[in-house]
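Counting starts at 1 for both ligands and their atoms, in listed order. Along the sequence shown, the residues carry numbers beginning at 1. Both backbone and side-chain heavy atoms feed into the values below; hydrogens, waters and symmetry mates do not. Just so it is clear, the model here is predicted, and its values are computed rather than measured.
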Amino acid sequence: MTDFFKDIPAIKYEGPASANEFAFHHYDPDEMLMGKRMEEHLRFAAAYWHSFAWPGGDPFGGQTFERPWFGETMELAKLKADVAFEMFDILGVPFYCFHDADVRPEGATFAESKRNLDEIVDYLGQKQASHKTQLLWGTANMFSHRRWMSGAATNPDPDVYAYAAATVKANMDATHKLSGANYVLWGGREGYETLLNTDLKAEREHAGRFLQQVVEYKHKIGFKGAILIEPKPQEPSKHQYDYDVATVYGFLIQFGLEKEVQVNIEQGHAILAGHSFEHEIGLASALGIFGSIDMNRNDYQSGWDTDQFPNNHAEKAVAFYEILRAGGYTTGGTNFDAKVRRQSLDPADLILAHVGGMDTCARALKSAAALMADGSMEKARDDRYAGWQRPDAAALLSGSLEEAAAVVTAKDLNPQPVSGRQERLENLWNRFI
Ligand code: XLS
Ligand code: NI
Ligand code: NI
């Protein structure tokens, strides 16, 4: 045991009436909802990078956190892993996620970085064997080091493409070895700063071939997890190629990957793309590519991906309703890709940020499940589309445009608009929040 979280107890469910800060007020892992334990619905994951690798910098100032594991040695990387698993134990989270750069020191050469990764993967494997927390997903950091500044798979330099291939291969091997449930690709630098120096067509094609190679390799090594793309419109690139769910779907279709790859949807990224979180989830589900969630919000004033813990259960309830409508997660989960603010220096801040996020999601899920059980919302939706159950309606879709047009004269159609009942449905929602 390290002494980083000393005096912080394991967090238990005490119910909404408890005034104990170090307790869950809404998240009861064993509570049954729609025939499933809450823990299995939510599948919470903690993110290694924000809690253990981020130094607390912003564009105007550097490091604010002083953590005993900061530094680029294997010994410190192991201390970091020890503390990380202590946090996972305190929270009781079933999963965690990491990038290579979060868990191992960068080496002077690729071979050295790879050796460091292999060594820490063995260490993490031992941790997983003796703790509850398992790997939701692994990923490669191909955005921080200066070699990636002009892209990874979309870099104008083919040597960087090769380096990206070696990096992703190493990370897929690591994720496979640790029995990860998914492998994520977020293309922060897969985009451009200015079209003046960019061959957009070539870059997209290279990204498409790269993703095909990732899928080929997944099958070759027998990795059973899902490959997930995490859409984001911009930041750090001015324009990112995997802008949003709809853009990613078009890209997958172009490269024949729509049955192979799903999406990891981040709340803050959805907002940056000008969508709601629930829109992105609902669309991914409609397209058959819903995979997993990064549950972190932006500050709505700043227009940046500020990666804050969720604290508005009413807002998240609508998102969880879409997840329930999609049938819930299969390999995916609710990953807190979220960080405490740079003034939140205390170990307790790290723990309580997660407790608040978990409670927010639990409360949202309970509202969503209650609304689903009530059935009025789905009944209203079914009623609105009931006309499409008629045989003559089905014939409109199976026939031609002229046949559909002819119905108007044959039946002397003059359709009358009906209310969309939005406010009544909003009122219905509010009864469950
Ligand atoms: C950045 C992304 C990143 C991915 C993993 O905005 O959210 O953290 O989740 O590379
Ligand atoms: Ni993310
Ligand atoms: Ni993000």
Would you be so kind as to tabulate the donor-acceptor pairs closer than 3.5 Å made by side chains of residues 249-258, with sequence neighbours excluded?
residue, atom, partner, partner atom, Å
Gln254, OE1, Arg204, NH1, 2.9
Gln254, OE1, Arg204, NH2, 3.1

Under 2.8 Å from the Ni ion (ligand 2), the protein N, O or S atoms found are Glu230 OE2, Glu266 OE1, Asp294 OD2, Asp337 OD2
Identity of the N, O or S atom of Asp305 lying closest to the Ni ion (ligand 3): OD2
Centroid-centroid under 6.0 Å between Tyr27 and Tyr13 rings: no
Could you walk me through whether Glu266 and Lys232 pass the side chain to side chain contact (heavy atoms under 4.5 Å, CB included) check? CA-CA 8 Å; Glu266 180 164 313; Lys232 187 174 182 181; 5.7 Å; no
Would you say the side-chain atoms of Asp359 pair up with the backbone N or O of His25, donor to acceptor, closer than 3.5 Å? yes
Determine whether the aromatic ring centres of residues His145 and Tyr163 are separated by less than 6.0 angstrom. no
Counting heavy atoms not belonging to Arg341, are there more than 12 under 6.0 Å from its CZ? yes
Applying the ring pair (Phe, Tyr, Trp, His ring centres under 6.0 Å) criterion to Trp54, which one of Phe65, Trp49, Tyr48 satisfies it? Phe65
Name all pairs fulfilling the side-chain hydrogen bond (donor to acceptor under 3.5 Å, both in side chains) condition that reach into residues 271-285, sequence neighbours left out, sorted by first residue then second. Asp244-His275
Please output the residues near ligand 1 using a strict heavy-atom distance under 4.0 Å, listed in chain and residue-number order. Trp49, His99, Trp137, Phe143, Trp186, Glu230, Lys232, Glu266, His269, Asp294, Asp305, Asp337
Is it the case that the side chain of Glu190 and the backbone of Ala152 share a donor-acceptor pair, with hydrogens and angles ignored and the cut-off at 3.5 Å? yes
Quick check on Arg384: does its CZ atom have over 12 non-hydrogen neighbours (other residues, nucleotides or ligands) under 6.0 Å away? no
